[in-house]
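Report on one structure; see the data block that follows.
Each chain gets a letter, A, B and so on, in the order its sequence line appears, and its residues count up from 1. Side-chain atoms are counted along with the backbone in the values below, which use heavy atoms only and exclude waters and symmetry mates.
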Amino acid sequence: MKTLVRSALVTLCLALLQSQSYAYSVLPMVADLKPTGAESSRLFTIENNSNEKISLHVSATTRTISVDGKENRLPTQDFNISPNQLDLNAGEKKSVRITYVGKKDITVQAAYRIAFDQPTADLEKVEKSKSKDKVNFIFNYVTAVYVSPEKVSPKVQVVSVEKVSGDKVRALFENSGSAYKLLSHYRILISNGQQEALISEDDSKLVDGVNLLPQSQRQVLFRIPASIKKAEKYEIRLKPSL
Amino acid sequence: MKYFFALCILILAHSSAAKTTKRAVAMSAHEKIEPRLMSRVNYADSSLVSILNNNPDGFGLYRSDTKELKWVKDSQFMLSTQNLKENVVVQLLAP
C-alpha cells in the first residue's frame, strides 16, 4: 500500500513539474486566407506557458520550393502584421493579426511563410542563467499561409521515372493544378510493367513533408522494392491515401 | 402566455446549445491540423525538451547545431540538451 501511495505521489509530482515547465505555442500552424474580404485576415494566437517573459518578432516571406526540395523565402510586403513585435509575460496569451494586402486578382494559390522568432539575444540570457536544470534552446515557429482564390485544386502527376542505378529510380512529380498538395497524402506504387509494389517503409519517409506547391515540380529518389523483378523501365503510380 | 414564454426560452436555449456545439467541433478540427510545442520538461541529470505534435502530417524540425531538417510525425518528440556544445535555435516548420 505504501509503495502504491509513494508511486502515486511521484507521478503527481512529475505531472506538476511538466505543467509548470510549458514553453510557448503558436496557433494556427497552417492557415488559408482569401485575397479579399473578411477572410483575407486571420488572428494567430501565441501563448506563453513558460515561467519566463519571452519576446517575439513576426515576419512574412514568400515561399517557393525548387525541384530538388530546397525552400526559398524572400521578405514580402504582401501582409500587414499587427503587432510585428511582442513581449509576453509568463502565462500570457496574445494575438497577432495577419492581413493579406497583396495582389487581389490571383488565379493560383500563393504560398507564404509567417515566422514567429525569438531574438537570438534571448539565447545569451539563457546562457547567463544556465544551470544544471536549464535548457538552452530557443524556438522559432514557421507557419504555412496560403492565399487561395475561389475554386483552386491540386493536380498531381508523375511526369517521368528514370532508372538511376541497379536498384534506384528517380521520379519527377508535377503539380499542374492551382492548390498545394502533400505527397504524403498518396500511396506510391512502383511497377516494372508486370509486378507492382508499394515503396518501402523507409522510402515513404522521404515523402514526409514534401509539399508540391501549385505549378511546381519535385524529384525524389526511390529504391526499387525487392519484391519486384529488376527491369529496364519502371512506372510510378499515385493512389490517394487520405 | 406562460407556454409562449416557455417555448421562447426553449428555442433560445436550443439555438445557444447548437452554437456551442458547432464552435466546439470547429475548435477540435482546428486543433487537429496544428502542431503545438507543448511542454519543456527537466529531469534530474539531463534536460529534455518535449514537443507534442497533434498534426498527422507532422512538422519539420530544423536545428542550428546540426543544420539538419528532420521530419517528425511522432506525437511526442524529445530534444536533449546533454552534450550540447553551443546554444541551439530550433525551427518548427509547418508542412
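Under the 6.0 Å cut-off for aromatic ring centres, A:Phe139 and A:Phe116 do not qualify, their centroids lying 6.0 Å or more apart. Ring pair A:Tyr112/A:Tyr146: centre-to-centre distance not below 6.0 Å.
Taking the six-membered ring for Trp and thresholds of 30 and 60 degrees, A:Tyr24 and A:Tyr141 have ring planes more than 60 degrees apart, a perpendicular arrangement.
Qualifying side chain to side chain contact (heavy atoms under 4.5 Å, CB included) partners for B:Lys67, counting only residues two or more places apart in sequence or in other chains: B:Tyr62. Legend: residues meeting side chain to side chain donor-acceptor pair (under 3.5 Å) with A:Arg187, ordered by chain and number and at least two apart, are absent.
At a threshold of 4.0 Å, the pair A:Glu71-A:Arg63 counts as salt-bridged, since one of the basic side-chain nitrogens sits closer than that to a carboxylate oxygen. Between A:Asp68 and A:Lys70 there is no salt bridge, since no side-chain N of the basic residue sits under 4.0 Å from a carboxylate O of the acidic one.
With rounding to the nearest 0.5 angstrom, the OG atom of A:Ser95 is 6.5 Å from the CD1 atom of A:Ile46.
Contacts with chain B (heavy atom to heavy atom, under 4.5 Å) involve no residue of residues 78-94 of chain A. Scanning residues 210-222 of chain A against chain B with a 4.5 Å heavy-atom cutoff picks out A:Asn211, ordered by number.
The only member of A:Leu206, A:Asp202, A:Ile199 that meets side-chain contact (heavy atoms from CB on, under 4.5 Å) when paired with A:Arg223 is A:Asp202.
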